[in-house]
Engineer: 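The structure follows.
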Number of protein chains: 2
Amino acid sequence: MKVLNKHTDYAVRALIALGMKPGSRISAKTLSEEQGIPYQFLRRILQELIRNGLVSSKEGAGGGVALARDPDEIRVRDVIEIFQGSVQVSECMFRKQLCSNRANCVLRHEIMRIERMVNDEFAKVTVGKLIADLKRVEEARAGVQVQE
Amino acid sequence: MKVLNKHTDYAVRALIALGMKPGSRISAKTLSEEQGIPYQFLRRILQELIRNGLVSSKEGAGGGVALARDPDEIRVRDVIEIFQGSVQVSECMFRKQLCSNRANCVLRHEIMRIERMVNDEFAKVTVGKLIADLKRVEEARAGVQVQE
DNA sequence: ACTAACTGATACTAAATTGGTATCAGAAAT
DNA sequence: ATTTCTGATACCAATTTAGTATCAGTTAGT
Ligand code: FES
Ligand code: FES
């Protein structure tokens with residue numbers, strides 16, 4: 001059972017890649033080659049990110065895409081929301097047997113609690129944070145290589 | 001994006017229903033009617049629960065199913081595991097660009113953290129707990145009705 | 001012994017979702 | 001003009017999900 005699908009996965013990777021080259025526009029083609037993401041698929045993902053204001057674009061030759069916001073203001077949760085809809089643990093089904101009314105459905109209660117937790121966690125993870133982590137790891141690795 | 005599918009959902013509801021009538025065997029047919037779960041679908045779900053030792057069964061006339069364990073020892077997480085496999089936030093894809101080696105992949109790191117959290121939360125919720133909550137709510141409601 | 005009420009096992013299906021491709025139109029740079 | 005890009009959208013195959021159907025075997029009651 002995978003929580004994140006390819007859309008979300010690729011979107012996050014693309015956002016990280018964009019965030020690591022701040023200021024510069026990158027074409028979808030270049031991005032797709034660098035990240036090994038199928039071109040047409042990435043195109044559609046980027047267009048969705050653009051529509052939702054996470055990424056800005058410029059048409060025509062020399063055009064491309066760039067982050068439209070501070071990486072710290074882009075939450076993985078936002079990306080999930082765009083491509084998979086908000087995280088729901090289970091749909092409500094208003095079962096007469098188990099819950100006479102929705103307000104006091106036990107299942108729903110438990111489920112909503114976990115739902116909130118998951119959402120909060122994904123909201124804590126921003127593209128900025130991932131980039132920072134990534135850079136830290138890369139520097140550490142570079143350090144090790146020098147010592148070898 | 002739903003985290004729990006119908007298999008898990010129905011399974012949990014069935015387990016709750018069984019747990020509320022301790023000792024007695026119930027036929028899949030009765031259960032399906034009481035809970036409004038499609039009969040053949042419920043049958044398959046029950047068989048899976050039986051195979052995994054959460055439910056015991058008796059064949060033939062007068063047969064049926066019953067919980068095979070203490071409701072407090074049946075975790076929603078176990079049910080998820082049976083029908084949806086263990087909760088994974090994202091599959092690992094060992095992308096050369098983002099993670100030179102798997103041990104220090106940032107994405108993976110964050111994702112595993114959330115994965116663990118979700119799994120732990122679902123492990124905390126047992127059928128016994130849900131039944132207790134349900135009974136509490138029902139008693140409260142009965143009390144209100146008396147006062148009316 | 002017969003029958004009705006059950007479970008075990010498993011094959012099948014329709015519809016939705018997922019992951020990916022292809023195409024065409026239009027914008028900007030050279 | 002031509003090349004390089006995005007915008008929009010239609011299409012597609014494979015998988016998953018949710019549900020159905022069937023047949024064989026077991027047990028209880030008569
Ligand atoms: S399942 Fe929706 S109110 Fe209980
Ligand atoms: S995605 Fe698997 S190691 Fe990074």
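So that the names make sense, note that chain A is the first sequence line, chain B the second, and so on, each numbered from 1.
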Engineer: Please determine, for the side chain of B/A28, which listed nucleotide (C/dA22, C/dG20, C/dT7) has the closest atom?
Structural biologist: C/dT7
Engineer: How do B/R43 and A/R43 order along DNA chain C: which one's closest nucleotide is nearer the 5' end?
Structural biologist: B/R43
Engineer: Select base, sugar-phosphate, or nothing to describe what B/L46 touches, counting heavy atoms under 4.0 Å on all strands.
Structural biologist: nothing
Engineer: Let me know the distance between CZ of B/R25 and C1' of D/dA28, rounded to the nearest Å.
Structural biologist: 14 Å
Engineer: Tell me: CD of B/E48 to C1' of C/dG8, nearest whole Å?
Structural biologist: 12 Å
Engineer: What does B/K58 touch in the nucleic acid at a heavy-atom separation under 4.0 angstrom: a base, only the sugar-phosphate, or nothing?
Structural biologist: sugar-phosphate
Engineer: Any ion pair linking A/K6 and A/D9 (charged N to carboxylate O, less than 4.0 Å)?
Structural biologist: no
Engineer: Over how many whole Å does the gap from A/Q40 atom CD to D/dC12 atom C1' extend?
Structural biologist: 14 Å
Engineer: Compare all side-chain heavy atoms of B/L15 with those of B/V76 and state whether any distance is below 4.5 angstrom.
Structural biologist: no
Engineer: Tell me which nucleotide among D/dG7, D/dT3, C/dT7 gets nearest to the side chain of A/S57.
Structural biologist: D/dG7
Engineer: Of the candidate nucleotides C/dT7, C/dA29, D/dG19, which contains the atom at the shortest distance from the side chain of B/P38?
Structural biologist: D/dG19
Engineer: Considering only C/dT21, C/dG19, D/dT20, which nucleotide approaches the side chain of A/K2 most closely?
Structural biologist: C/dG19
Engineer: For B/Y39 and D/dG19, is the shortest distance between a side-chain N/O and OP1 or OP2 below 4.0 Å?
Structural biologist: no
Engineer: Less than 4.0 angstrom between a side-chain N/O of B/Y10 and OP1 or OP2 of D/dA18, yes or no?
Structural biologist: no
Engineer: Atom CG of A/L49 and atom P of D/dG7: how far apart are they, to the nearest Å?
Structural biologist: 11 Å
Engineer: Quick check on the hydrophobic clustering: are B/V65 and B/Y39 connected, directly or via other members, by side-chain heavy-atom contacts under 4.5 Å?
Structural biologist: no
Engineer: State which of D/dT26, C/dG26, C/dA29 makes the closest approach to the side chain of A/A61.
Structural biologist: C/dA29
Engineer: Rounded to the nearest Å, what distance is computed from the NZ atom of residue B/K29 to the P atom of nucleotide C/dC6?
Structural biologist: 7 Å
Engineer: Between P on C/dA5 and CG on B/L31, what's the gap in Å once rounded to a whole number?
Structural biologist: 18 Å
Engineer: With nearest nucleotide decided by heavy atoms, which residue, A/V65 or A/R44, maps closer to the 5′ end of DNA chain D?
Structural biologist: A/V65
Engineer: For B/I45 and D/dT17, give me the distance from atom CD1 to atom P, rounded to whole Å.
Structural biologist: 13 Å
Engineer: What I want to find out is whether B/K124 reaches B/D120 closely enough, with some N-O distance under 4.0 Å, to be called a salt bridge.
Structural biologist: no
Engineer: Between C/dA28, D/dT20, D/dA8, which one does the side chain of A/R51 approach most closely?
Structural biologist: D/dA8
Engineer: To the side chain of B/F41, which of C/dG20, D/dA18, C/dG26 is closest?
Structural biologist: D/dA18
Engineer: To the nearest angstrom, how far is A/H7 atom NE2 from C/dT18 atom P?
Structural biologist: 7 Å
Engineer: Quick one: sort the B/H7 and B/F83 rings into parallel, tilted or perpendicular, breaks at 30° and 60°.
Structural biologist: tilted
Engineer: When you get a sec, tell me which of D/dA8, D/dT20, C/dG19 is the closest nucleotide to the side chain of A/Q47?
Structural biologist: D/dA8
Engineer: Output the single nucleotide from D/dT6, D/dG19, C/dC6 whose closest atom is nearest the side chain of B/S27.
Structural biologist: C/dC6
Engineer: Going by heavy atoms in the side chains, are A/R69 and A/D78 under 4.5 Å from each other?
Structural biologist: yes
